[in-house]
Amino acid sequence: MQDIELETDARKGSRMKRFGIALVLATALGMWAAAPAMAQYGEDPTAGVGDSNPSPGETTTVFGANWCPGSTVDILFDGHKIGTGQVDSEGNFSEPVTIPANASPGHHTITVVGLDFACENVRSVNIGIFVSGGAGAGGAGLAFTGANISVGAVILAALVIVGLAAITAGRRRKATAEK
């Protein structure tokens with residue numbers, strides 16, 4: 001009778017271990033599959049620059065996500081148009097632009113203007129940059145260029161912890177059953 005109980009406990013431990021592994025894998029797969037969708041419809045357009053500390057006359061890349069697929073966006077430097085970007089079918093763009101040669105050293109704003117992902121509303125995103133007096137001069141902080149994924153990261157972490165706890169519980173039951 002005791003052998004049957006030990007066998008049953010061992011099976012429970014093995015099931016818990018398999019359940020924990022399956023939960024961790026399913027969570028990771030779900031987050032991987034959902035990542036592109038999280039950054040599209042319903043999210044505000046984003047934009048950033050490759051170099052937030054350029055020199056006058058220097059070329060930097062302006063990029064963005066969650067814009068109207070197939071549209072164009074205008075790129076402005078302190079309110080003056082310096083380029084346009086072609087948005088791809090996923091709502092992203094990347095365009096090299098040249099900082100005006102007569103730009104004074106200091107803080108400036110690059111603005112991206114275009115339609116949101118739903119192609120319904122005109123949106124603008126401001127990117128703060130610091131134009132240096134020459135190569136290697138001071139710098140500024142980086143522009144925010146992505147979606148806030150902290151809620152998803154917390155959920156993912158919680159599911160991983162639950163999965164690891166299930167694996168640990170299964171191993172403990174198996175060890176107790178073997179004694």
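Just so you know, these numbers use all the heavy atoms, side chains as well, and skip hydrogens, waters and symmetry mates. Please read these numbers as outputs of a predicted model, since none were measured by experiment.
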What distance separates Thr98 OG1 from Ile82 CD1, expressed to the nearest 0.5 Å?
-> 7.5 Å
Contact summary for Thr111 and Ser124, nearest pair of heavy atoms = CG2-CB, 4.0 Å
Trace of the side chain to side chain contact (heavy atoms under 4.5 Å, CB included) decision for Phe117 with Glu43 = CA-CA 8 Å; Phe117 193 80; Glu43 293 287 329; over 6 Å; no
Within a strict 4.5 Å, meaning less than it, do heavy atoms of the Leu115 and Val122 side chains meet?
-> yes
Here the gap from Asn126 atom CG to Ile110 atom CD1, rounded to the nearest 0.5 Å, amounts to 10.5 Å
With distance as the sole test, does Trp67 use its side chain to make a donor-acceptor pair with the main-chain N or O of Thr46 at under 3.5 Å?
-> yes
What heavy-atom pair brings Val112 and Phe93 nearest, and what distance separates the two atoms?
-> CG1-CZ, 3.7 Å
Residues that Asp74 engages under salt bridge (charged side-chain N to carboxylate O under 4.0 Å, His left out), provided they are two or more places apart | Lys81
Validation row: Pro45, Cys68 side chains within 4.5 angstrom (heavy atoms) = no
Work out which heavy atom in Pro56 is nearest to a heavy atom in Ala103; give both atom names and the distance.
-> CG-O, 3.4 Å
What pair of heavy atoms forms the shortest contact from Val87 to Val73, and how long is it?
-> CG2-CG1, 3.9 Å
What closest approach, in Å, do Ile99 and Ser55 show between heavy atoms, and which atom pair accounts for it?
-> CB-O, 3.9 Å
Work out which heavy atom in Ser132 is nearest to a heavy atom in Pro105; give both atom names and the distance.
-> C-CB, 4.3 Å
Measure from the side-chain N and O atoms of Glu95 to the backbone N and O of Phe63, and report whether any donor-acceptor pair falls under 3.5 Å.
-> no
Side-chain donor/acceptor of Thr60 to backbone N/O of Asp51, under 3.5 Å = yes
